[in-house]
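Structure first, then comments.
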Amino acid sequence: MNSNKMQKELTANNVTPDALPSLESIKELQTEYTNMLTAIIDLLDGAKYLWEGDQHE
């Protein structure tokens, strides 16, 4: 389940407990977000030299 669909389901006016995403779906989405954020952090860490300026050792 993607985040846009989950947001629409959670913010709908007619949400009932039966219509909420399952715990498994939420855990899967959390894992996907964690993996994505870890990849972004790794990319930024690898590219930090771009904004550190002209520091020569």
Side-chain angles (χ1 to χ4, degrees):
M1 176 179 292
N2 69 41
S3 61
N4 291 335
K5 183 177 179 185
M6 184 177 285
Q7 179 185 4
K8 287 178 186 176
E9 288 182 7
L10 291 172
T11 57
N13 291 333
N14 59 351
V15 172
T16 63
D18 295 334
L20 293 174
S22 68
L23 182 59
E24 184 177 319
S25 295
I26 293 172
K27 285 183 178 183
E28 183 179 319
L29 187 60
Q30 182 180 14
T31 300
E32 289 176 15
Y33 278 139
T34 301
N35 291 342
M36 178 184 64
L37 290 174
T38 300
I40 291 170
I41 290 168
D42 288 346
L43 286 170
L44 291 174
D45 190 45
K48 67 183 173 186
Y49 70 92
L50 296 172
W51 55 83
E52 285 182 340
D54 293 332
Q55 298 176 357
H56 298 288
E57 294 182 15

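FYI, side chains are in, hydrogens and waters are out, and symmetry mates aren't considered; it's all heavy atoms of this structure. Starting from 1, each residue takes its place in the sequence as its number.
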Exercise. Under a 4.5 Å side-chain heavy-atom rule over Ile, Leu, Val, Met, Phe, Trp and Tyr, are I40 and L50 clustered together?
Worked result: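 Yes: a chain of side-chain contacts under 4.5 Å links I40 to L50.
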Exercise. Given the rule that I, L, V, M, F, W and Y join up when any side-chain heavy atoms are under 4.5 Å apart, are L43 and Y49 in one cluster?
Worked result: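 L43 does not cluster with Y49.
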For this session: Name all residues meeting the salt bridge (Lys or Arg N to Asp or Glu O under 4.0 Å) criterion together with K27; count only those two or more places apart in sequence or in a different chain, and write none if there are none.
Result: none
To the closest 0.5 Å, what do you measure between [atom1] ([X]) and [atom2] ([Y])?
{"X": "E32", "Y": "L37", "atom1": "CD", "atom2": "CG", "result": "12.0 Å"}
{"X": "D45", "Y": "T38", "atom1": "CG", "atom2": "OG1", "result": "12.0 Å"}
{"X": "T34", "Y": "L29", "atom1": "OG1", "atom2": "CG", "result": "9.0 Å"}

Seminar exercise, completed: Contacts of D42 meeting side chain to side chain donor-acceptor pair (under 3.5 Å) (sequence neighbours excluded), chain-then-number -> none
Problem set entry | side-chain contact (heavy atoms from CB on, under 4.5 Å) partners of A39, counting only residues at least two apart |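 So A39 forms no side-chain contact (heavy atoms from CB on, under 4.5 Å) with any residue.
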